[in-house]
Amino acid sequence: MSEPTETEILNRVLSVPPRFKRRIVALAGPPASGKSTLAERLAEILPAASVVPMDGFHLDNRILSERNLRARKGAPDTFDVAGFYHLLDRLRNEEEVFYPLFDRKRDCAVAGAGRIDKTTQTIVVEGNYLFLDTNEWRRLHSFWDVSLYLDVPETTLRTRLMQRWLDHGFSQQDAETKVDTNDMPNAKMTAQKRINPDMILKEDLL
């Protein structure tokens, strides 16, 4: 079976009528799979569309340190899932909604840095764990009008993740530790513990 083309994805999304004021498209995938790039591309080709990343709901580093979770930053239990849930609920119908964005350089979320206004008809939500079939993450699944999963080989992910941390100034050894003990386990979880999406996309779509 051939992989869906950009046009086929567009047609699939537009064929699904929104159940509320706005259509919500979920784009999930492992870290470094290219979700942000693809989400921005979809927002460009879909009419009146905007991107809302899940990463704005990272818990602050101080809280992670208090809970001994700093080394696991990016794992499912290092996000404010309840806060993310309430944002999604508001996005369906409210005319104007502000939301937090994650600043990678500062390694923290910035409150109210993103905005959705009344002209937005489709929202592309992107994040690692949108389809995670565990605990409170399951509650998110009721929001998706269309669900897309970006599937990328583990070897490619590891190469990209290593380069990400090296670019952030990590040593080779520290980057390998971070990738092997946190990033890759998180990546495998997105594939192994997910509810099946409407469409599975491959990296060559990017």
Side-chain angles (χ1 to χ4, degrees), residues 1-58 76 79-102 113-134 136-152 187 189-191 193-206:
M1 186 175 183
S2 61
E3 298 301 326
T5 64
E6 188 176 273
T7 300
E8 289 171 334
I9 296 169
L10 177 63
N11 291 339
R12 175 63 179 271
V13 171
L14 294 178
S15 71
V16 178
R19 292 167 294 156
F20 298 89
K21 181 181 178 68
R22 297 186 181 95
R23 177 191 294 107
I24 299 185
V25 179
L27 174 60
S33 58
K35 296 182 300 299
S36 298
T37 301
L38 181 56
E40 292 294 342
R41 175 57 184 158
L42 292 176
E44 289 176 0
I45 62 177
L46 288 165
S50 297
V51 176
V52 173
M54 184 192 80
D55 280 357
F57 289 85
H58 273 289
F79 288 88
D80 175 16
V81 188
F84 186 47
Y85 178 93
H86 289 299
L87 170 67
L88 294 170
D89 191 39
R90 295 180 62 202
L91 288 172
R92 294 193 292 190
N93 286 309
E94 293 186 23
E95 286 196 350
E96 184 177 56
V97 182
F98 296 94
Y99 59 91
L101 290 174
F102 189 72
R115 180 174 75 98
I116 294 295
D117 63 30
K118 63 182 181 181
T119 66
T120 303
Q121 298 174 5
T122 298
I123 295 175
V124 181
V125 179
E126 63 99 348
N128 294 345
Y129 307 119
L130 305 185
F131 309 149
L132 197 60
D133 192 16
T134 62
E136 57 189 328
W137 291 93
R138 288 192 188 94
R139 295 201 304 160
L140 304 182
H141 306 153
S142 63
F143 291 109
W144 317 137
D145 293 303
V146 182
S147 55
L148 311 172
Y149 183 83
L150 186 53
D151 186 28
V152 177
M189 186 185 305
T190 67
K193 296 184 178 180
R194 72 166 189 252
I195 289 178
N196 288 333
D198 296 323
M199 301 179 80
I200 295 180
L201 316 176
K202 297 297 184 181
E203 64 171 336
D204 55 9
L205 184 69
L206 299 174

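Fair warning: this is a prediction, and the values are worked out from it, not measured in the lab. No hydrogens, no waters, no symmetry mates; every other heavy atom, side chains included, goes into these values.
In this view, F20 satisfies the ring-ring contact (aromatic ring centres under 6.0 Å, His included) rule with no residue, not counting sequence neighbours. A search for ring-ring contact (aromatic ring centres under 6.0 Å, His included) contacts involving Y149 returns nothing, not counting sequence neighbours. Applying the side-chain contact (heavy atoms from CB on, under 4.5 Å) test to P76 and every residue at least two apart in sequence or in another chain returns Y129, L132, W137, N186, M189. Under the ring-ring contact (aromatic ring centres under 6.0 Å, His included) criterion, F143 pairs with Y85, not counting sequence neighbours.
Counting heavy atoms from C-beta on, the side chains of D198 and S147 come closer than 4.5 Å. Looking only at side-chain heavy atoms (C-beta outward), V52 and V97 stay at 4.5 Å or farther from each other.
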Indicate every side-chain donor-acceptor pair of residues 39-49 with a distance under 3.5 Å to a residue at least two apart or in another chain.
residue, atom, partner, partner atom, Å
R41, NE, E6, OE1, 3.0
R41, NH1, E44, OE1, 3.2
R41, NH2, E6, OE2, 2.9

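Closest approach of A82 to E136, counting heavy atoms only: N-OE1, 4.3 Å. Of all heavy-atom pairs spanning A28 and K35, the tightest one is C-CD, 3.7 Å. Here the shortest heavy-atom pairing between L150 and G34 reads CD2-C, 3.7 Å. Here the closest non-hydrogen pair linking N128 and T190 is O-CG2, 3.4 Å. L130 approaches L140 most closely through the heavy-atom pair O-CB, 4.3 Å. Shortest non-hydrogen contact noted between P4 and E8 is CA-OE1, 3.0 Å.
Sorted by first and then second residue, the side-chain hydrogen bond (donor to acceptor under 3.5 Å, both in side chains) pairs with a member in residues 21-30 read R23-T122; sequence neighbours excluded.
Rounded to the nearest 0.5 angstrom, M54 CE and L88 CG are separated by 10.5 Å. How far CD1 of I116 is from CG of L91: 6.0 Å, rounded to the nearest 0.5 Å. A distance of 7.0 Å separates OG in S36 from CG in D55, rounded to the nearest 0.5 Å. Of the inter-residue distances, the one linking E96 atom CD with T119 atom OG1 reads 10.5 Å to the nearest 0.5 angstrom. With rounding to the nearest 0.5 angstrom, the CD1 atom of I9 is 9.0 Å from the CG atom of L27. Between the OG atom in S50 and the CD1 atom in I123 there is a gap of 7.0 Å [rounded to 0.5 Å].
F131 and W144 have perpendicular rings, their planes meeting at more than 60° on a 0 to 90° scale where under 30° would count as parallel.
Although no hydrogens or angles enter the test, the distance criterion places no donor-acceptor pair under 3.5 Å between the side chain of H86 and the main chain of G83.
Between D133 and K193, no side-chain nitrogen of the basic residue sits less than 4.0 Å from a carboxylate oxygen of the acidic one, so the salt-bridge criterion is not met.
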